[in-house]
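Inspection log for the structure reproduced underneath, given as structure tokens.
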Amino acid sequence: MTTARDIMSRDVTCVGEKETLADAARKMSELNVGSLPICGEDNRLHGMLTDRDIVIKALAQGRNPADVPASELAQGKTITVGADDDAAEILRTMSQYKVRRLPVIDGHQLVGIVAVADVARALPDRPVGDLIDAISE
């Protein structure tokens with residue numbers, strides 16, 4: 001049985017809840033990624049921040065990203081999977097919530113991220129194709 005722990009990317013960089021959106025944008029640029037988890041000082045996950053969030057919820061509203069803390073955009077419940085959740089649960093969660101990246105938690109600690117690419121490398125074509133169809137609607 002393939003689990004999230006088996007296929008996740010372990011090298012996860014967070015943006016701190018007190019860091020600004022400008023800090024987050026710099027990290028995204030340096031890492032060449034479009035999203036970052038928002039973590040508290042205790043390494044607990046507080047949310048996810050995307051480049052689109054920065055544009056739509058800050059720049060387009062005339063807000064200065066250097067003045068907006070990342071925590072301000074950590075809204076609602078963050079969708080996650082457990083480190084020991086199986087591939088079927090990962091597919092079900094990604095499909096249900098139409099997300100391309102899922103933070104992986106072990107207890108309350110962020111331990112990795114599972115992206116669609118990770119799923120595609122680990123699973124047969126059919127379930128991956130169904131996932132792409134579901135999140136692309």
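What's counted below: heavy atoms across the whole structure, side chains too, no hydrogens, waters or symmetry copies. Residues: numbered from 1 along the sequence shown.
Pairs passing the disulfide bond (SG atoms under 2.5 Å apart) check and including a residue from residues 5-60, sequence neighbours excluded, read Cys14-Cys39.
Enclosure of atom CG in Asp11 is not indicated, since only 12 or fewer non-hydrogen atoms of other residues, nucleotides or ligands lie within 6.0 angstrom.
Residues passing the salt bridge (Lys or Arg N to Asp or Glu O under 4.0 Å) test with Glu17, sequence neighbours excluded: none. In this structure Arg101 satisfies the salt bridge (Lys or Arg N to Asp or Glu O under 4.0 Å) test with no other residue, sequence neighbours excluded. Looking at residues two or more places apart in sequence or on another chain, you find no salt bridge (Lys or Arg N to Asp or Glu O under 4.0 Å) involving Glu30. Ile79 pairs by the side chain to side chain contact (heavy atoms under 4.5 Å, CB included) definition with Thr93, Tyr97, Leu102, not counting sequence neighbours.
In this structure, the side chains of Ile90 and Thr2 stay at 4.5 Å or more apart for every pair of heavy atoms.
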(message) Run the side chain to side chain contact (heavy atoms under 4.5 Å, CB included) test on Met28 and Leu36 for me, step by step, so that the C-alpha distance in whole Å, both residues' side-chain angles and the decisive distance to 0.1 Å come before the verdict.
(response) CA-CA 7 Å; Met28 287 180 192; Leu36 291 171; 3.8 Å; yes
(message) Quick one, Glu72 with Lys57, criterion salt bridge (charged side-chain N to carboxylate O under 4.0 Å, His left out). Give me CA distance, side-chain angles, the key distance, then yes/no.
(response) CA-CA 10 Å; Glu72 195 170 306; Lys57 297 176 181 175; over 6 Å; no
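To the nearest 0.5 Å, the span separating CG on Leu73 from OG1 on Thr50 amounts to 8.5 Å. Taking CG from Asp118 and CG from Asp6, the interatomic distance works out to 11.5 Å, rounded to the nearest 0.5 Å. Atom CD1 of residue Ile56 and atom CG of residue Asp51 lie 10.0 Å apart, to the nearest 0.5 angstrom. In this structure, CG in Leu59 is found 8.0 Å from CG in Leu21, a value given to the nearest 0.5 Å.
Contact detail for Lys27 and Val15: the closest heavy-atom pair is NZ-CA, 3.9 Å. The shortest non-hydrogen separation linking Ala4 to Gly82 is CB-O, 3.5 Å. Closest heavy-atom contact between Pro103 and Thr78: CG-CG2, 4.2 Å. Across Gly16 and Ala70, no two heavy atoms sit closer than the pair O-CB, 3.7 Å.
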Between side-chain atoms of residues 105-113 and protein atoms elsewhere (two or more places apart, or another chain), which donor-acceptor pairs fall under 3.5 Å?
| unit_1 | atom_1 | unit_2 | atom_2 | d |
| --- | --- | --- | --- | --- |
| Asp106 | OD2 | Arg5 | NH2 | 3.3 |
| Gln109 | OE1 | Asn43 | ND2 | 3.3 |

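In terms of hydrophobic clustering, with Ile, Leu, Val, Met, Phe, Trp and Tyr side chains grouped at heavy-atom distances under 4.5 Å, Val99 and Ile38 are assigned to different clusters. Cluster membership check: Val33 does not share its hydrophobic cluster with Val12, using side-chain heavy-atom separations under 4.5 Å among Ile, Leu, Val, Met, Phe, Trp and Tyr. Under a hydrophobic clustering in which Ile, Leu, Val, Met, Phe, Trp and Tyr are joined whenever their side-chain heavy atoms come within less than 4.5 Å, directly or via other members, Leu31 and Met48 fall into different clusters.
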